[in-house]
Amino acid sequence: MSKNNVKTTIRCKNIAPLENLNEEILSGSLKIGIFANNGSGKTFISRLFKLLEDQIVPELNADGTSPTDKLLSFGKSNGSFSFQITDQTDIKEQITIDFSRKNLPKIPTTCYLYHTFNQDYVEDNIRALDFEKESDIKGFILGKTNIDLKEDENKLEKLETDCKILKTQIEKEINQYIEKNINHIQNIKRLDEYRYLLNTQNFFDGVNKDNQSVSKTFEELLTN
């Protein structure tokens, strides 16, 4: 059995429901599982680590508030988060973030790389895959840097599929109309115009062509 030679210290003050968290965890590794009831603050802790993962200071909102204001407890103007890892000989990680309403926090440089897989991350990835319950999702979960592109690719693919379905339906209705109202006209199939103008592919090609310029408007032609 490994010795408890790693001490992890986490402190939260006025962070959502965690108004005064002060915990020290002794373990044999950095693998720690957190189990708690819903609404106890797990998501907020993960969002604190997400700030460390991005290493980007957020920008103020248009109304002058800070994106991190939502991390603070109700009715509180200030809060803080600190995280420290020590082994038997040295401090391996020591970070502190101070929060103040309508102000941007200073994000410290970290000694470790943080990867946050919280509910926000899952929802972003599921949304990009157009996920439905019971769906069979294959492949790797994407990182946030690829989510926006993947979502656009899915939208484009859906548009292309819808376009093919619509084209098939239009082609079917055109052919039904021709068969019912035109094909019975005597000798019409002998005309070159019939073979060209009533060809559905030529119809679609004509829709995609640029509009031809005319010397007179429709109203002017009617008056002549």
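Quick caveat, the model's predicted, so the values are computed rather than measured.
Considering every non-hydrogen atom in both Ile15 and Ser80, the closest pair reads CG1-O, 3.6 Å. Heavy atoms only, all atoms of each residue included: Ile97 and Pro105 are closest at CG2-CB, 3.8 Å. Nearest heavy-atom pair across Ile95 and Thr109 is CG2-O, 4.2 Å. Across Leu48 and Cys12, no two heavy atoms sit closer than the pair CD1-SG, 4.1 Å. Nearest heavy atoms, Thr96 versus Pro108: O-CG, 3.8 Å. In terms of heavy-atom proximity, Lys76 sits nearest to Arg101 at O-NE, 2.6 Å.
Residue Ile174 holds its CD1 atom at 10.5 Å from CD of Gln169, rounded to the nearest 0.5 Å. For the atom pair OG of Ser82 and CZ of Arg11, the computed distance is 5.5 Å after rounding to the nearest 0.5 Å. A distance of 13.5 Å separates NZ in Lys106 from CG in Leu104, rounded to the nearest 0.5 Å. In this structure, Gln94 CD and Cys111 SG are separated by 9.5 Å, a value rounded to the nearest 0.5 Å. Annotation: the span from Thr161 atom OG1 to Leu156 atom CG amounts to 9.5 Å, rounded to 0.5 Å. Note: Thr43 OG1 to Asn38 CG = 8.5 Å, rounded to the nearest 0.5 Å.
Heavy atoms of other residues, nucleotides or ligands lying less than 6.0 angstrom from CD of Glu23 number 12 at most. Heavy-atom contacts from other residues, nucleotides or ligands closer than 6.0 Å to CD of Glu157 number 12 or fewer. In the displayed structure, Leu113 atom CG is contacted under 6.0 Å by at most 12 heavy atoms of other residues, nucleotides or ligands. Atom CG of Asp63 is surrounded by more than 12 heavy atoms from other residues, nucleotides or ligands within 6.0 Å.
Panel note: side chain Asp69, backbone Ser66; a donor-acceptor pair is recorded below 3.5 Å. With hydrogens and angles ignored, the 3.5 Å screen pairs no side-chain donor or acceptor of Lys42 with any backbone N or O of Ile34.
Put simply, the side chain of Leu18 does not reach to within 4.5 Å of the side chain of Ser40, judged on heavy atoms. Looking only at side-chain heavy atoms (C-beta outward), Lys70 and Thr65 stay at 4.5 Å or farther from each other. Residues Ile107 and Gln55 meet the side-chain proximity criterion, which asks for heavy atoms closer than 4.5 Å. Using a 4.5 Å cut-off on side-chain heavy atoms (C-beta onward), Leu71 and Arg47 make contact.
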What's the verdict on side chain to side chain contact (heavy atoms under 4.5 Å, CB included) for Thr86 and Thr9, showing C-alpha distance, side-chain angles and the deciding distance?
CA-CA 9 Å; Thr86 58; Thr9 304; 5.9 Å; no
Run the side chain to side chain contact (heavy atoms under 4.5 Å, CB included) check on Lys92 and Val6 step by step: do they pass?
CA-CA 10 Å; Lys92 300 301 182 181; Val6 178; over 6 Å; no
When you look at Lys50 and Glu53, which way does the side chain to side chain contact (heavy atoms under 4.5 Å, CB included) test go after all the steps?
CA-CA 5 Å; Lys50 185 65 169 62; Glu53 175 185 347; 3.3 Å; yes
For Asp87 and Asn5, run side chain to side chain contact (heavy atoms under 4.5 Å, CB included): C-alpha distance rounded to whole Å, both residues' side-chain angles, the deciding distance at 0.1 Å, then the answer.
CA-CA 6 Å; Asp87 61 11; Asn5 55 5; 5.8 Å; no
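By the 30° and 60° cut-offs, the orientation of the rings of Phe81 relative to Phe83 is parallel.
The hydrophobic cluster around Ile32 extends to Ile25, counting ILVMFWY residues whose side-chain heavy atoms fall within less than 4.5 Å of a member.
A donor and an acceptor atom, one from each side chain of Tyr114 and Glu93, are located under 3.5 Å apart. Between the side chains of Asn118 and Thr116, no donor N or O sits under 3.5 Å from an acceptor N or O.
Under the side-chain hydrogen bond (donor to acceptor under 3.5 Å, both in side chains) criterion, Asn78 pairs with Ser100, not counting sequence neighbours.
In the hydrophobic clustering of ILVMFWY residues, with side-chain heavy atoms under 4.5 Å counting as a link, Tyr112 and Ile91 come out apart.
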